[in-house]
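Remember, predicted model here, so these are calculated numbers, not experimental data. Positions are given from 1, in the same order as the sequence printed here. Hydrogens, waters and symmetry mates play no part in the numbers below; they use all other heavy atoms, side chains included.
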Amino acid sequence: MLQVCAFSGYEGPLRREKKCFLTVFGSSELHRPTLARQLVAARAERDGKTATSKMIFLTFFGSTSIICPTLAEEYLELQQSVDSGSLDLRNWNSYLAELDQFQSSSLMSLTLFGGFDEHCLPSENKEVEGLALQRHLGNISDDSGHILEMGVGSSGAQRNSVVLEALHVA
């Protein structure tokens, strides 16, 4: 499938069924799925349940940003995946190794006279608001919330560790 953004802006989810993202004289902001969803998708591809897919990003005279989910979204999705039995935290390190292999072979990009940001973090305000809302709704405990607050602004392995630690505290 093709997603085209020309002379304008686009903001939406980054879905695996879309294969090619073309941005020309515009700006695209794509929201990356949570780590839990990525892990489940990688395992499904590894087990042959879904076809292996590659995503191609073509950006000409514009910008494309792939924005990470907020810590609250990451925490809640991981908690639901563990509770449903889709993921087992004892296999956390092997999951992350599988995901690294999955991600390195699934994404290609070409950018000319523009910008491409593959790991853009959500704003600090969005992070804090998301945590405050989920704590208010009772979806995140105070202890887990404090740990997640320490992860605001972090990326990569540190961000994943904070989410995992918050889940262990719960």
Enquirer: Can you list the steps and then say if Glu73 with Gln134 is a side chain to side chain contact (heavy atoms under 4.5 Å, CB included)?
Expert: CA-CA 9 Å; Glu73 292 167 333; Gln134 295 304 325; over 6 Å; no
Enquirer: What's the shortest heavy-atom distance between Asn139 and Gln79, and which atoms?
Expert: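 Heavy atoms of Asn139 and Gln79 come nearest at O-OE1, 4.0 Å.
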Enquirer: Say whether Val40 and Leu167 are linked into one hydrophobic cluster, either directly or through other cluster members, by side-chain heavy-atom distances under 4.5 angstrom.
Expert: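 The answer is yes; both residues are in one hydrophobic cluster.
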Enquirer: Testing the 3.5 Å rule here: is there a donor-acceptor pair between the side chains of Thr64 and Ser28?
Expert: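 No, no side-chain donor-acceptor pair sits under 3.5 Å.
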Enquirer: Measuring from Ser154:OG to Leu71:CG, what's the distance to the nearest 0.5 Å?
Expert: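 The distance works out to 6.0 Å.
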Enquirer: Answer yes or no: is there a side-chain heavy-atom contact under 4.5 Å between Val82 and Asp88?
Expert: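 Result no, sub-4.5 Å side-chain heavy-atom pair not found.
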Enquirer: Between Pro69 and Pro122, which heavy-atom pair has the shortest distance, and what is it?
Expert: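 Closest approach of Pro69 to Pro122: O-CG, 3.7 Å.
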Enquirer: Would you indicate whether the side-chain heavy atoms of Phe61 and Leu112 approach each other to under 4.5 Å?
Expert: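 Sidechains of Phe61 and Leu112: no contact.
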Enquirer: Tell me whether Val169 is reachable from Val163 by hopping between hydrophobic residues (I, L, V, M, F, W, Y) whose side-chain heavy atoms are closer than 4.5 Å.
Expert: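 Yes; tracing contacts between hydrophobic side chains, which count when under 4.5 Å, links both residues.
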Enquirer: Find the distance between NE2 (His168) and CD1 (Ile147) and round it off to the nearest 0.5 Å.
Expert: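 So the NE2 of His168 and the CD1 of Ile147 are separated by 10.0 Å.
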Enquirer: Identify the two heavy atoms, one from Leu58 and one from Cys20, that lie closest to each other, and give their separation to 0.1 Å.
Expert: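 Minimum heavy-atom contact is CD1-SG, 4.1 Å.
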Enquirer: Determine whether Leu121 and Arg159 make a side-chain contact, defined as any pair of heavy atoms from C-beta on separated by less than 4.5 Å.
Expert: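 Contact flag for Leu121/Arg159 side chains = yes.
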Enquirer: Under a 4.5 Å cut-off applied to non-hydrogen side-chain atoms, are Leu35 and Leu96 in contact?
Expert: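 Yes, their side chains come closer than 4.5 Å.
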Enquirer: Answer yes or no: is there a side-chain heavy-atom contact under 4.5 Å between Lys19 and Lys54?
Expert: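 The answer is no; the side chains never approach within 4.5 Å.
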Enquirer: Under 3.5 Å, side chain of Thr23 to main-chain N/O of Gly26, donor-acceptor pair present?
Expert: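 No; zero donor-acceptor contacts below 3.5 Å.
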Enquirer: So, taking the atom named CG in Asn91 and the one named CG in Leu89, what distance separates them when rounded to the nearest 0.5 Å?
Expert: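 So the CG of Asn91 and the CG of Leu89 are separated by 9.0 Å.
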Enquirer: Where do Arg32 and His119 land on the side chain to side chain contact (heavy atoms under 4.5 Å, CB included) test, with the steps shown first?
Expert: CA-CA 9 Å; Arg32 180 184 301 276; His119 298 286; 3.6 Å; yes
Enquirer: Under a single-linkage definition using a 4.5 Å side-chain heavy-atom cutoff for Ile, Leu, Val, Met, Phe, Trp and Tyr, are Leu110 and Val24 assigned to the same hydrophobic cluster?
Expert: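 Shared cluster, yes.
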Enquirer: So, for Ser81 and Ala36, which heavy atoms are closest and what is the spacing to 0.1 Å?
Expert: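 Taking Ser81 first and Ala36 second, the nearest heavy atoms are OG-CB, 3.5 Å.
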Enquirer: Does a side-chain heavy-atom distance below 4.5 Å link Leu87 with Trp92?
Expert: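 The answer is no; the side chains never approach within 4.5 Å.
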Enquirer: In terms of heavy-atom contacts, does CZ of Arg135 have more than 12 from other residues, nucleotides or ligands at under 6.0 Å?
Expert: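 Yes, because the 6.0 Å sphere around CZ of Arg135 holds more than 12 heavy atoms from other groups.
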Enquirer: Minimum heavy-atom separation for Leu30 and Pro13, please, with both atom names.
Expert: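 Looking at all heavy atoms of both residues, the shortest contact is CD2-O, 4.3 Å.
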Enquirer: Grab the two heavy atoms, one from Tyr10 and one from Cys5, that are nearest each other, plus how far apart they are.
Expert: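 Shortest heavy-atom contact: N-SG, 3.8 Å.
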Enquirer: Picking from Ile56, Ile66, Thr59, Leu14, what satisfies side chain to side chain contact (heavy atoms under 4.5 Å, CB included) with Phe21?
Expert: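 Of the listed residues Ile56, Ile66, Thr59, Leu14, the side chain to side chain contact (heavy atoms under 4.5 Å, CB included) partner of Phe21 is Leu14.
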Enquirer: Measuring only between side-chain heavy atoms, which start at C-beta, is Leu131 closer than 4.5 Å to Glu149?
Expert: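 Leu131 vs Glu149: side chains touch.
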Enquirer: Taking the side chain as every heavy atom from C-beta outward, state whether Phe116 and Ser63 have any atom pair closer than 4.5 Å.
Expert: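 No, too far: nothing below the 4.5 Å cut-off.
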Enquirer: Can you tell me how far CD of Glu29 sits from CD1 of Ile67, rounded to the nearest 0.5 angstrom?
Expert: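 Here the interatomic distance stands at 4.0 Å.
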Enquirer: If I take atom CZ from residue Arg37 and atom CZ from residue Arg15, how far apart are they, to the nearest 0.5 angstrom?
Expert: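 If we round to the nearest 0.5 Å, Arg37:CZ and Arg15:CZ are 11.5 Å apart.
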